[in-house]
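Accompanying notes for the structure given below.
Worth saying up front: this structure is predicted, and the values here are computed from it rather than measured. Letters A, B, ... mirror the listed sequences (proteins, then strands); counts begin at 1.
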There are 2 protein chains.
Amino acid sequence: MITDFLINFVPFSHDELNDILPYFKKEKVKKNEVLIKEGQVCSKLYFVDQGIGRSYYLKKDGKEVTQWFFGVNNFMSSVDSFFQQSPSFYYLEVLEDSILYSITKKNMDALLAKYHNMETFIRLLTIDTLAKFVHKLNAIQFQTAKERYTYMLAEFPDISHRVPLGHIASYLGITQETLSRIRKNDSH
Amino acid sequence: MITDFLINFVPFSHDELNDILPYFKKEKVKKNEVLIKEGQVCSKLYFVDQGIGRSYYLKKDGKEVTQWFFGVNNFMSSVDSFFQQSPSFYYLEVLEDSILYSITKKNMDALLAKYHNMETFIRLLTIDTLAKFVHKLNAIQFQTAKERYTYMLAEFPDISHRVPLGHIASYLGITQETLSRIRKNDSH
DNA sequence: CTTACTTTTTGATATAGGTCAAAGGAAAAT
DNA sequence: ATTTTCCTTTGACCTATATCAAAAAGTAAG
């Protein structure tokens with residue numbers, strides 16, 4: 001639940017939660033639905049209640065590159081686009097029928113201005129996100145294809161077998177043929 | 001100046017600035033001095049007034065990998081270690097005689113609790129940092145060695161010719177021999 | 001069920017960039 | 001100034017992973 005996620009970072013009061021939570025609107029989204037396209041400004045921040053999301057972009061040759069996966073109980077968005085209101089470099093889509101809770105930038109700004117705790121929450125959330133990106137960067141920068149896949153399994157244990165192999169391969173910066181061969185060898 | 005940097009993100013009042021600025025202590029640091037070692041908890045956030053810093057870690061084989069460069073007018077730290085008070089994965093050092101302004105975690109926490117604007121500042125700073133990391137990740141993940149160097153020149157124009165080539169190479173995830181060859185060809 | 005479409009696997013071949021080794025240059029120390 | 005240390009360049013060779021192509025397996029649709 002989104003409440004648990006919030007209070008896990010910051011001790012919001014009951015009154016604060018009662019004011020904040022209604023701004024998150026429930027959205028049911030069908031598999032493969034695209035939430036944001038490249039170039040659009042991301043106007044909502046999503047919380048994944050059920051399902052899986054991913055962000056990706058297209059290389060010049062048209063190939064998709066997955067940038068991130070968003071599992072249950074995670075916020076999903078094109079972070080910099082949402083907070084900086086700049087055109088998104090990424091597409092955002094769901095990979096399964098999903099239930100999301102979304103809040104608009106406008107409402108988020110109001111909450112940030114109103115509640116010091118909300119600022120703290122977003123600060124901590126961003127630092128957490130930053131730490132995850134740093135972790136991925138380390139995995140990608142100097143590890144072999146096999147080690148990268150090991151990182152993937154650790155970072156996204158619940159996701160690694162529910163999404164197409166090609167999405168994972170591009171997330172890891174390797175080809176799907178290579179990943180297929182890694183999986184084959186892994187299963188002894 | 002640090003003041004300009006602050007008000008560029010958030011419209012701090014004069015009173016706020018007068019309270020905040022004295023917590024930043026000037027430090028003169030000699031070339032190659034190490035500020036944080038791997039495993040230590042980063043207790044200070046630094047602002048680079050003069051000089052260059054870098055963060056790096058050691059691979060199992062003992063080779064250094066540069067994670068980031070910190071130029072003039074940038075905050076420098078092992079971000080997640082400082083804010084999450086977790087052991088740093090990185091070393092932090094300066095590559096030239098430098099002048100830094102540092103604030104302790106304790107004082108920063110006090111300012112974050114006292115001033116809503118300070119929370120906002122750190123939130124925006126973190127989002128900015130996150131955006132830069134994402135940018136690097138994109139460069140590293142799917143670009144050739146030469147394209148990565150182009151990214152480096154764009155991201156750190158003032159730094160690219162003041163630090164050892166080996167530091168840049170490891171930052172980009174390539175070997176120094178390869179980078180040397182790229183530079184040779186660049187100068188036609 | 002059968003057909004069409006998507007995803008994964010397998011094989012053969014190519015290549016960017018790594019590794020190893022050694023020489024040249026530059027900078028710092030005595 | 002001369003020596004020592006560090007940094008950069010160059011050359012020869014090698015390997016992990018990409019690319020290309022096609023078969024096989026899995027999933028969805030009529």
Proximity to the side chain of [X] - top-ranked nucleotide from [options]:
{"X": "Leu165(A)", "options": "dT9(C), dT8(D), dG18(C)", "value": "dT9(C)"}
{"X": "Arg181(A)", "options": "dT8(D), dT19(D), dG18(C)", "value": "dT19(D)"}
{"X": "Lys31(B)", "options": "dG17(C), dT10(C), dA28(C)", "value": "dA28(C)"}
{"X": "Glu177(A)", "options": "dC20(D), dT8(D), dA21(C)", "value": "dC20(D)"}
{"X": "Thr178(A)", "options": "dT8(C), dT19(C), dT17(D)", "value": "dT17(D)"}
{"X": "Ile174(B)", "options": "dC7(D), dT9(D), dG18(C)", "value": "dG18(C)"}
{"X": "Gln176(A)", "options": "dT10(D), dT8(D), dT8(C)", "value": "dT8(C)"}
{"X": "Ser180(A)", "options": "dT19(C), dT19(D), dT10(C)", "value": "dT10(C)"}

Rounding to a whole Å, what distance do you find between [X]:[atom1] and [N]:[atom2]?
{"X": "Lys63(B)", "N": "dC20(C)", "atom1": "NZ", "atom2": "C1'", "answer": "10 Å"}
{"X": "Gln143(B)", "N": "dA18(D)", "atom1": "CD", "atom2": "P", "answer": "16 Å"}
{"X": "Leu95(A)", "N": "dT6(C)", "atom1": "CG", "atom2": "P", "answer": "16 Å"}
{"X": "Leu172(B)", "N": "dA16(C)", "atom1": "CG", "atom2": "P", "answer": "18 Å"}
{"X": "Ile182(B)", "N": "dA16(C)", "atom1": "CD1", "atom2": "P", "answer": "12 Å"}
{"X": "Asp61(A)", "N": "dT19(D)", "atom1": "CG", "atom2": "C1'", "answer": "12 Å"}
{"X": "Leu179(A)", "N": "dT8(C)", "atom1": "CG", "atom2": "C1'", "answer": "10 Å"}
{"X": "Phe142(A)", "N": "dG17(C)", "atom1": "CZ", "atom2": "P", "answer": "13 Å"}

Would one find a side-chain N or O of Lys184(A) under 4.0 angstrom from OP1 or OP2 of dT9(C)?
->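 No, no such contact exists.
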Could you tell me if the ring centre of Phe133(B) sits under 6.0 Å from that of Phe133(A)?
-> no
Is it true that a side-chain atom of Gln141(B) and a backbone atom of Tyr171(A) form a donor plus acceptor pair closer than 3.5 Å?
-> yes
Give me the one residue out of Lys30(A), Lys31(A), Arg162(A) that meets salt bridge (charged side-chain N to carboxylate O under 4.0 Å, His left out) with Glu96(A).
->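 For Glu96(A), the salt bridge (charged side-chain N to carboxylate O under 4.0 Å, His left out) test succeeds with only one of Lys30(A), Lys31(A), Arg162(A), which is Arg162(A).
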What class does the angle between the rings of Tyr91(A) and Tyr56(A) fall in, given that below 30° is parallel, 30 to 60° is tilted and above 60° is perpendicular?
-> parallel
Under 6.0 Å from the NZ atom of Lys59(A), do we count more than 12 heavy atoms belonging to anything else shown?
->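 Count over threshold, so yes.
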